[in-house]
A.B. asks: 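Here's a structure for you.
We count ligands from 1, going down the list as the structure has it; atoms in each ligand are counted the same way.
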Amino acid sequence: MVETLSIAVIGAPGVGKTSIIRQFIYNDFSEVYTPTRSRYVYRPSVILNGSMYELKVLDVPPISSFPSSSSQEWLDLRCRGVRNANAYILVYDICCVESFEYVKMIRQQIVEHEGSSSEVPILVVGNKRDLQRQRFMPRRAVSVLVKKTWKCGYVECSAKFNWHVVLLFKELLGIAVARGLRQNHTSIRLQGALQRNRCTIM
Ligand code: GDP
């Protein structure tokens, strides 16, 4: 029996959501930008502290807002599964202030949806750390805002150079496990999960 965790990866177009996911699962990176038009689900497995978890990672295409109701979620295919995700990765580009504003809006909407007592793990990720010189705000200032005011985790990474990519998933899973995963046990085919590039030991 393996615990499953559904993670929605949300962010403005072009911030590197797909690149982060593909770097994490396939150790693959492309300079060519192919906009994500429809929702895509990846199902890697990971081993953290000796326990195995099956992840359902949703690469969410650009959405104007967090789905406010189940019917909105069902009417808009891009949003399917977003409201019931167990955890969120909100990605912005450290060189693009608009992408940070987008993350700020989505975080607020998640909090409103979940209610003030919510424990849903949210990790804010500043991507494109390799372009550090063009950043719009010092790392420390963003980190303090996100951690102290928003009460979210914060990690900076570079999908391009595979820097801190495993770390960010490890961080999120660590928070989720500490807060108690939803009881969502399922039996999985260990052989499939352990296929090359599908299982990461963190
Ligand atoms: P998405 O729309 O958020 O899924 O963004 P993509 O993953 O498709 O990436 C958008 C563009 O940013 C692509 O051209 C990527 O090559 C580039 N990119 C993604 N991550 C990084 C990064 O860490 N550093 C740099 N310099 N470029 C990146």
A.B. asks: Could you check whether Trp150 and Tyr88 have their ring centres less than 6.0 Å apart?
C.D. replies: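 So the answer is no for these two rings.
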
A.B. asks: Can you find a side-chain donor-acceptor pair between Glu31 and Tyr33 that sits under 3.5 Å?
C.D. replies: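 Judged by distance alone, the side chains do not pair up.
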
A.B. asks: Quick check: Gly16 and ligand 1, any N/O pair under 3.5 Å apart?
C.D. replies: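 Yes, there is a polar N/O contact under 3.5 Å.
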
A.B. asks: Using side-chain heavy atoms (C-beta onward) and a distance below 4.5 Å, is Leu168 in contact with Leu123?
C.D. replies: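 Contact flag for Leu168/Leu123 side chains = yes.
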
A.B. asks: Quick one: do Leu167 and Ile89 end up in the same hydrophobic cluster if we chain Ile, Leu, Val, Met, Phe, Trp and Tyr together by side-chain heavy atoms under 4.5 Å apart?
C.D. replies: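 Yes.
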
A.B. asks: Nearest to atom 14 (O) of ligand 1, what protein heavy atom do you find, and at what distance?
C.D. replies: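 Going by distance alone, atom 14 (O) of ligand 1 is nearest to Glu31 O, 2.9 Å.
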
A.B. asks: For ligand 1, does Ser30 get within less than 4.0 Å through its side chain, its backbone, both, or neither, judged by non-hydrogen atoms?
C.D. replies: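 The part of Ser30 near ligand 1 is the backbone, not the side chain.
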
A.B. asks: Under 4.0 Å from ligand 1, counting heavy atoms only, is it the side chain of Asn127, its backbone, both or neither?
C.D. replies: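 The answer is the side chain.
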
A.B. asks: May I ask you to list the atoms of ligand 1 that are less than 4.0 angstrom from any heavy atom of Thr36?
C.D. replies: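 This gives 4 (O) as the contact atoms.
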
A.B. asks: Is Trp163 in contact with ligand 1, taking contact as a heavy-atom separation below 4.0 Å?
C.D. replies: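 Per 4.0 Å heavy-atom rule, Trp163 does not contact ligand 1.
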
A.B. asks: Enter the distance from Arg39:CZ to Arg78:CZ here, rounded to the nearest 0.5 Å.
C.D. replies: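 Interatomic distance, Arg39 CZ to Arg78 CZ, rounded to 0.5 Å: 12.5 Å.
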
A.B. asks: Can you see whether Gln72 engages Ser68 through a side-chain donor-acceptor pair at a distance of less than 3.5 angstrom?
C.D. replies: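 A pair is found: one side chain offers a donor N or O, the other an acceptor, under 3.5 Å apart.
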
A.B. asks: How far is atom 2 (O) of ligand 1 from the closest protein heavy atom, and which atom is that?
C.D. replies: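 Answer, as residue, atom name and distance: Gly14 N, 2.9 Å.
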
A.B. asks: Can you pull out the closest protein heavy atom to atom 10 (C) of ligand 1? Residue, atom name and distance to 0.1 Å, please.
C.D. replies: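 Going atom by atom, the protein heavy atom closest to atom 10 (C) of ligand 1 ends up being Tyr33 CD1, 3.3 Å.
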
A.B. asks: Below 3.5 Å, N or O to N or O, backbone or side chain included: is there any such pair between Pro13 and ligand 1?
C.D. replies: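 In this structure, Pro13 places no N or O atom under 3.5 Å from an N or O of ligand 1.
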
A.B. asks: Do Asp59 and Lys17 meet the salt-bridge criterion of a basic N to acidic O distance under 4.0 Å?
C.D. replies: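 Salt bridge flag = no for Asp59 with Lys17.
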
A.B. asks: Just heavy atoms, cut-off under 4.0 Å: does Thr18 contact ligand 1 by side chain, backbone, both, or neither?
C.D. replies: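 Both backbone and side chain.
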
A.B. asks: Flag Ala159 as yes when one of its N or O atoms lies below 3.5 Å from any N or O atom of ligand 1, and as no otherwise.
C.D. replies: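 Right, the criterion is met.
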
A.B. asks: Determine, using ring centers only, whether Tyr40 and Tyr42 are less than 6.0 Å apart.
C.D. replies: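 Yes - the distance between ring centres of Tyr42 and Tyr40 falls below the 6.0 Å cut-off.
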
A.B. asks: If we set the cut-off at 4.0 Å for heavy atoms, which region of Asp59 has an atom near ligand 1: side chain, backbone, both, or neither?
C.D. replies: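 The answer is neither; Asp59 stays 4.0 Å or more away.
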
A.B. asks: In terms of atom number and element, which parts of ligand 1 are under 4.0 angstrom from non-hydrogen atoms of Lys17?
C.D. replies: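 Going through ligand 1 atom by atom, the ones under 4.0 Å from Lys17 are 1 (P), 2 (O), 3 (O), 4 (O), 5 (O), 7 (O).
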
A.B. asks: Tell me the protein heavy atom at minimum distance from atom 12 (O) of ligand 1, and give that distance in Å.
C.D. replies: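 For this ligand atom, the closest protein heavy atom is Lys128 NZ, 3.2 Å.
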
A.B. asks: Among all protein heavy atoms, pick the one closest to atom 7 (O) of ligand 1 and tell me residue, atom and distance.
C.D. replies: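 Sorting protein heavy atoms by distance from atom 7 (O) of ligand 1 puts Ser19 OG, 2.6 Å first.
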
A.B. asks: Look at atom CH2 of Trp163 and say whether more than 12 heavy atoms of other residues, nucleotides or ligands are closer to it than 6.0 Å.
C.D. replies: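 For Trp163, atom CH2 is crowded (more than 12 foreign heavy atoms under 6.0 Å).
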
A.B. asks: Does ligand 1 come near enough to Val32 that some N or O of the ligand is less than 3.5 Å from an N or O of the residue?
C.D. replies: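 Among all N and O atoms of Val32, none is under 3.5 Å from an N or O of ligand 1.
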
A.B. asks: Below 30° counts as parallel, above 60° as perpendicular, anything between as tilted: where do the rings of Phe169 and Phe24 land?
C.D. replies: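 Parallel.
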
A.B. asks: Between Ser99 and Asp93, is the side-chain hydrogen bond (donor to acceptor under 3.5 Å, both in side chains) condition met? List the steps.
C.D. replies: CA-CA 6 Å; Ser99 70; Asp93 172 348; 5.6 Å; no

A.B. asks: If we set the cut-off at 4.0 Å for heavy atoms, which region of Phe161 has an atom near ligand 1: side chain, backbone, both, or neither?
C.D. replies: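 Contact part for Phe161 vs ligand 1: neither.
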
A.B. asks: Counting non-hydrogen protein atoms only, what is the nearest one to atom 26 (N) of ligand 1? Give residue, atom name and distance.
C.D. replies: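 Answer for atom 26 (N) of ligand 1: Asp130 OD2, 2.8 Å.
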
